[in-house]
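Everything below concerns the one structure shown next.
If you read the sequence from its start, that first residue is 1, and numbering goes on from there. Keep in mind the model is a prediction, meaning the values are calculated, not measured. Counting starts at 1 for both ligands and their atoms, in listed order.
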Amino acid sequence: MKVSAHLDFLPVSTDSASVVHSLYLNCPTYIALIGGDTPTLNDIQRELETLRHDTRRQALLLKHEDHVVGFLDYKVAYPDLHSATISLLLIDESLQGRGLGKAAVEQLETLLRGRMDRLYAVVYGNNEQAKRFWERVGFEHLRDSGPTLSWYLKPLK
Ligand code: ACO
């Protein structure tokens, strides 16, 4: 069932590690797809600590009706001063296909419009579902960097 969602964007802190970890555990298909091991809580803690030191990187918990439904990781002023780049949008697997991912992207676009001219999305691995999603929400395939990295672009002007 599709929802017309408004999401709350909450900055992730190192205290949020267990919430982010649970979200990953709830996305086994994605983890299998990118061919990695399921991250441990310690892996997530280290990742969030790394994020904290990069002031251009924004890691957000996505909340819908008081429940954490996803995670969004993007970087402003990257790869150039007038662009932002999404490196991961992750929606809880049990809630995928209901319009939450699209709502997250639309809200991010609204947030960035006027500050950034372009929004990129970088898809890692052989993630055909994600590629279809980015095209569906108005991004165009820009280029592949090697076999495992595909860049998508949406102008924000
Ligand atoms: N194939 C075709 N179309 C799709 C797919 C798919 N696999 N997934 C979504 N869409 C389409 C929907 O049909 C919908 O189109 P509509 O508006 O015409 O009905 C539109 O995309 C929006 O769909 P949502 O329901 O908003 O998508 P969802 O909430 O499932 O979020 C996401 C999509 C983020 C890819 C989610 O499925 C997910 O978390 N997947 C696992 C993690 C992942 O692969 N994330 C992306 C990594 S790449 C990156 O983040 C830069």
Does ligand 1 come near enough to V122 that some N or O of the ligand is less than 3.5 Å from an N or O of the residue? no
Closest to atom 7 (N) of ligand 1 (judged by heavy-atom distance), picking from Q129, K131, E135, R136: Q129
Under 3.5 Å: N/O of Y124 near N/O of ligand 1: no
Option whose closest heavy atom lies nearest to atom 43 (C) of ligand 1, chosen from Y30, F71, W151: Y30
W134 and F139 aromatic ring geometry - parallel, tilted or perpendicular at 30°/60° bounds: perpendicular
List ligand 1 atoms under 4.0 Å from K102, heavy atoms only on the residue side. 17 (O), 22 (C), 26 (O)
Would you check, one step at a time, whether the test side-chain hydrogen bond (donor to acceptor under 3.5 Å, both in side chains) holds for S94 with D92? CA-CA 6 Å; S94 66; D92 186 310; 2.9 Å; yes
Examine L89 against ligand 1 and note whether any of their N/O atoms are separated by less than 3.5 Å. yes
Is there at least one pair of N or O atoms, one from G101 and one from ligand 1, spaced under 3.5 Å apart? yes
Between R132 and E135, is there a side-chain N and carboxylate O pair less than 4.0 Å apart? no
Per side-chain contact (heavy atoms from CB on, under 4.5 Å), L89 is matched among L60, D73, L62 by L62
Looking only at heavy atoms, is any part of E93 under 4.0 Å from ligand 1, and if so is it the side chain, the backbone, or both, or is it neither? neither
Against heavy atoms of N127, which atoms of ligand 1 measure under 4.0 Å? 43 (C), 44 (O), 47 (C)
At the 4.0 Å heavy-atom cut-off, does W134 count as touching ligand 1? yes
Answer yes or no: does an N/O atom from F133 fall short of 3.5 Å to an N/O atom of ligand 1? no
Between R56 and A77 (side chain of the first, backbone of the second, donor and acceptor by atom type, cut-off under 3.5 Å), is there such a pair? yes
Kindly say whether R118 contributes a backbone atom to a donor-acceptor pair with the side chain of H82 at under 3.5 angstrom? no
Which ligand 1 atoms are under 4.0 Å away from a heavy-atom of G97? 25 (O), 28 (P), 29 (O), 30 (O)
For L90, counting its heavy atoms only, list the atoms of ligand 1 lying under 4.0 Å from any of them. 39 (O), 42 (C)
Number the atoms of ligand 1 from 1 as they appear, then name those within less than 4.0 Å of a heavy atom of I86, with their elements. 51 (C)
Run the salt bridge (charged side-chain N to carboxylate O under 4.0 Å, His left out) test against R46 and tell me which residues pass, sequence neighbours left out. D43
Looking at D37, I want to see if its CG is surrounded by more than 12 non-hydrogen atoms of other residues, nucleotides or ligands under 6.0 Å. no
I need the atoms of ligand 1 closer than 4.0 Å to a non-hydrogen atom of L100, numbered in the order shown. 26 (O), 29 (O)
Does E65 have any salt bridge (charged side-chain N to carboxylate O under 4.0 Å, His left out) partners at least two apart in sequence or in another chain, and if so, which? none
Taken to the nearest 0.5 Å, the spacing of L7 CG from H64 NE2 works out to 6.5 Å
Report yes if some N/O of G99 lies less than 3.5 Å from some N/O of ligand 1; otherwise report no. yes
